[in-house]
Amino acid sequence: MTATGTRPPARLPGTPSRPARAGRAGAPRRTSARRRRNRWIGLGFAAPGLLLYGYVVLVPLLQSVQYSFFRWDGVTQAVWVGLENYTRFLTDPELRSTFGHVLVLVGFFSLLPIALGLLSAALLTRTRLPGMAAFRWIYFLPQVMTSIVIALVFKRIYAPEGPLNEALRAVGLGSLARSWLGDFTWALPSLGMIGTWAGFGFCMVLFISGASSIPPELYEAARMDGAGPVREFFAVTLPGLRGQLAVALTLTITGALRTFDLVWITTRGGPGTSTLTPAVALYRAAFQNPQVGQAAAIGVVMALLCLLIALTITRLSEKD
Amino acid sequence: MKEHRARLVLGTTAVLSLLAVAGCTPGGSTTTDDSSSAVSDDVAAAGDVTLRLSDFWGSAEGEWIDAMIEQFESEYPNVTIDRTTEDWGQLTSTLNLQLQDPDGPDIASANNGWQSLGTLARGNLVRNLDDYAELYGWDDEVPTTIARQNQFTTDFTTIGSGSWFATPLARGSLIGLYYNVEKLDALGLEPPQTLDDLEAAATAAADAGEIPFAYGSVDGGTAVLLGVQAMLADKDALNDFIYDDPDVSAADTALTEAATTIKAWADAGWFTPSYEGIDYQTAVANFLDGQGVFRFEYTGSLGLAGDQLNQFGYVQLAQDSGSTVGVGAAPGAMVISSSCEHPDVAAAFLDHLMSAEGSQTAVDIGLVPMLNTDVTLPDDALSLQGEATATQTLDADDGYVPYIDWASPTLLDTITQNMQLLYAGKVTPEQLTEAVEADRTAFLEELGQDS
């Protein structure tokens with residue numbers, strides 16, 4: 001339902017194909033006719049795939065949009081309610097609060113891992129340490145673990161008698177020990193930290209590979225001009241990583257918006273509603289309570305948000 | 001040219017989606033002929049029949065249904081029952097789709113209440129069973145408080161009266177109090193029989209350095225509230241509230257009093273330390289490990305087996321009046337699909353699932369019997385004896401109240417959230433009751449709009 005937006009969107013028609021068109025203008029007409037025929041043949045080859053895509057992606061997408069205008073329990077006759085499901089999503093205090101929670105999660109799932117990833121990439125690319133591959137491997141590990149496993153592991157870590165509290169007590173900070181996931185103030189940041197841990201390695205590996213494609217001459221030139229490590233980072237590394245930054249931002253922000261599994265396994269949105277996310281609200285509406293229309297409206301809004309974010313980031317990163 | 005085509009595609013998509021949105025309405029009732037042809041209990045005359053059964057029972061419960069199928073098939077060799085089992089959440093969330101499928105199940109276990117059974121009945125997906133209720137005499141045999149759990153009025157505005165749309169089972173599921181036999185003995189206490197007894201025992205346990213209640217609230221833990229509520233509430237008021245009688249409000253169901261009670265327990269330190277960070281599974285494991293004297297729990301959820309059956313006991317605490325009221329129901333509402341071609345055979349099977357044989361089979365496997373009193377209990381299974389005694393008392397007192405979340409699909413979430421707020425001191429017991437009332441009112445309004 002909200003699967004759109006996980007990938008950076010395809011280029012918009014018109015914008016990026018300018019050089020190609022300029023080249024075509026000078027070509028003789030005959031080629032252009034053949035090319036057009038080829039294009040139809042190409043479309044013929046693509047048709048089965050396109051049809052399948054349309055059937056499994058576009059049709060359900062349109063259905064979701066359609067459902068979102070009805071009050072429907074999934075079985076009986078639906079009742080047309082216009083935009084009611086949308087307005088409720090934006091006005092109901094409980095549903096509206098999910099936006100605030102997601103914003104916090106964006107900080108933990110996206111900004112923090114990216115900042116840490118940049119920092120570690122800058123550190124690791126400056127000097128060649130022996131065993132670098134091992135570092136990368138360790139930090140990247142969370143990325144290959146199922147989120148369910150991660151959630152279960154952290155549920156243990158955050159438990160009242162879990163390792164985190166034990167560690168705090170062991171170093172004399174017992175007053176800081178608490179029920180991390182049952183605490184109204186700390187439950188959301190605690191969930192956020194799981195995301196930071198899981199996403200950091202991915203960002204780091206992405207940035208390291210990006211940094212390795214920056215021409216070394218640029219660094220040499222910068223050093224020649226007397227740039228320190230900080231200056232070098234902002235003048236060379238960061239601009240060189242613009243593409244990777246766009247990818248990391250798109251993936252992590254949309255990932256934060258879609259947070260479901262972590263919350264479902266650890267807190268189910270509690271305590272109270274302090275960790276309720278739109279995706280959890282969507283799941284509850286669709287599968288626990290027969291409010292399919294409401295669930296569809298949440299899904300549509302989330303999909304649009306993801307699309308908007310992805311588009312904005314792509315636009316920004318391609319601008320000179 | 002390129003721009004043109006893009007615009008064409010966009011336009012077509014827009015038109016198509018508009019058509020899709022405006023044109024047809026999702027859902028719609030499948031037509032069924034209710035020209036109820038004469039019903040019969042003559043299964044042998046039905047010829048070779050295969051019925052598809054979908055249910056959500058695993059482990060011991062799965063063993064029970066398998067045994068019931070075997071008994072039925074050996075009595076009627078012309079009948080084959082083809083059983084599929086799915087996880088509870090999986091089945092309850094997809095049953096509406098499965099019943100619309102021509103190859104879907106003939107018989108299925110549904111969840112009671114509006115959330116599942118009510119929606120299926122309203123959507124004409126399950127059969128009205130009144131003619132079979134008459135044929136088999138269910139109205140006389142099943143206690144009213146259990147029968148109501150399967151009934152809806154045919155205009156689907158009211159749950160808890162009207163026509164039968166499902167049947168219960170010869171076994172039950174209750175909320176009640178489990179106790180640790182060894183710990184209670186060590187404290188020199190008898191198993192409590194009333195709420196006052198329980199509080200006295202909890203005080204003694206706390207004084208002796210024991211944890212009175214094994215508990216965790218991070219992902220739910222509503223059994224304690226609902227269990228206490230049943231001890232305090234007027235049975236009829238609570239039943240009517242859950243069956244969405246608009247004249248009864250949440251405040252009439254002793255919910256505030258129950259919330260006040262458990263908040264006092266929490267504040268007195270009677271729950272497991274850091275209970276707000278403990279999840280359900282851990283709380284159960286703690287109790288079984290001997291951390292805690294008492295635990296309010298759904299029967300069957302502790303998974304007691306072997307020696308544990310004697311290490312833990314079960315009581316259904318009586319109300320002050322002396323009669324017993326308890327949250328309880330069959331662990332599933334058995335429905336027959338509207339499109340089932342052999343409803344006579346299916347109904348005979350449902351009747352078999354309510355039989356005395358069914359209760360005895362349940363006991364033999366270690367499950368709680370219901371609806372039938374004449375069962376032989378094993379003499380070395382204390383908790384099972386307690387549970388069976390409880391259903392017999394509740395059968396006799398007609399003292400069942402349904403699970404509160406039947407009143408509105410969102411109610412259990414609302415209660416869970418508000419209990420967490422209550423423990424944290426962010427809402428008062430009165431506000432918890434108000435939240436429950438508001439939740440149900442909103443649902444009633446929606447029901448009213450639909451009909």
Side-chain angles (χ1 to χ4, degrees), chain A residues 12-14 17 21 36 58-59 61-63 65-81 94 155-156 158-162 165 177-184 186-187 264-274 276 284-293 296, chain B residues 1-3 5-6 13 16-17 20-29 89 92-94 96-97 99-100 114-116 118-120 122-125 156 216-220 272-279 282 408-410 412-413 416-421 423-424 426-427 443 446 449-450:
Chain A
L12 286 179
S17 54
R21 193 178 296 168
R36 203 177 300 159
L58 295 182
V59 171
L61 197 74
L62 288 180
Q63 272 177 332
V65 174
Q66 181 199 4
Y67 294 163
S68 69
F69 296 109
F70 289 88
R71 184 174 58 243
W72 189 36
D73 57 17
V75 179
T76 53
Q77 193 76 32
V79 183
W80 172 270
V81 292
E94 189 176 308
K155 201 167 152 182
R156 268 283 177 76
Y158 285 137
E161 304 300 324
N165 281 339
R178 63 193 73 236
S179 300
W180 295 98
L181 294 174
D183 190 294
F184 277 81
W186 288 98
W264 194 249
I265 289 173
T266 49
T267 63
R268 302 217 159 198
T273 54
S274 59
L276 197 65
R284 280 187 180 173
F287 298 109
Q288 291 196 301
N289 313 319
Q291 300 170 334
V292 178
Chain B
M1 188 68 200
K2 195 172 186 181
E3 240 96 311
R5 201 174 302 145
T13 318
L16 274 179
S17 48
V21 169
C24 53
T25 307
S29 41
T92 47
S93 59
T94 59
N96 56 3
L97 300 175
L99 288 170
Q100 291 173 61
W114 283 117
Q115 190 175 5
S116 175
T119 312
L120 300 176
R122 200 155 45 144
N124 237 334
L125 294 176
F156 303 109
S217 70
V218 94
D219 52 359
T272 309
S274 302
Y275 61 89
E276 71 279 359
I278 295 176
D279 64 47
T282 311
S408 126
T410 46
L412 202 60
D413 286 340
T416 307
Q417 286 163 13
N418 278 277
M419 282 175 75
Q420 290 165 342
L421 291 163
Y423 294 140
K426 290 178 187 286
V427 301
F443 179 69
E446 240 173 73
Q449 283 167 8
D450 280 345

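Each chain gets a letter, A, B and so on, in the order the sequences are listed, and its residues count up from 1.
Of the two parts of A:Glu94, only the side chain, counted from C-beta on, holds a non-hydrogen atom closer than 4.5 Å to a non-hydrogen atom of chain B. For B:Asn418, no part lies under 4.5 angstrom from a heavy atom of chain A. Interface residue A:Thr266: only backbone heavy atoms are found under 4.5 Å from chain B. For chain B, no part of A:Arg178 is nearby; none of its heavy atoms comes within less than 4.5 Å.
Per-residue counts of heavy-atom pairs under 4.5 Å with chain A were compared for B:Leu99, B:Val427, B:Thr410; the largest is that of B:Thr410. Counting heavy-atom pairs under 4.5 Å between each of B:Asp219, B:Asp413, B:Thr416 and chain A puts B:Asp413 at the top.
Side chains of A:Asn165 and A:Trp180 form a contact here, defined as non-hydrogen atoms less than 4.5 Å apart.
The structure places CZ of A:Arg268 at 10.0 Å from CG of B:Asp279, a figure rounded to the nearest 0.5 Å.
Between A:Trp72 and A:Tyr67, the ring planes lie tilted relative to each other; the angle falls in the 30° to 60° range.
What you find for A:Pro160 and B:Gly277 is that their closest heavy atoms are CD-O, 3.3 Å.
A donor-acceptor contact shorter than 3.5 Å is absent between the side chain of B:Glu276 and the backbone of A:Ser179.
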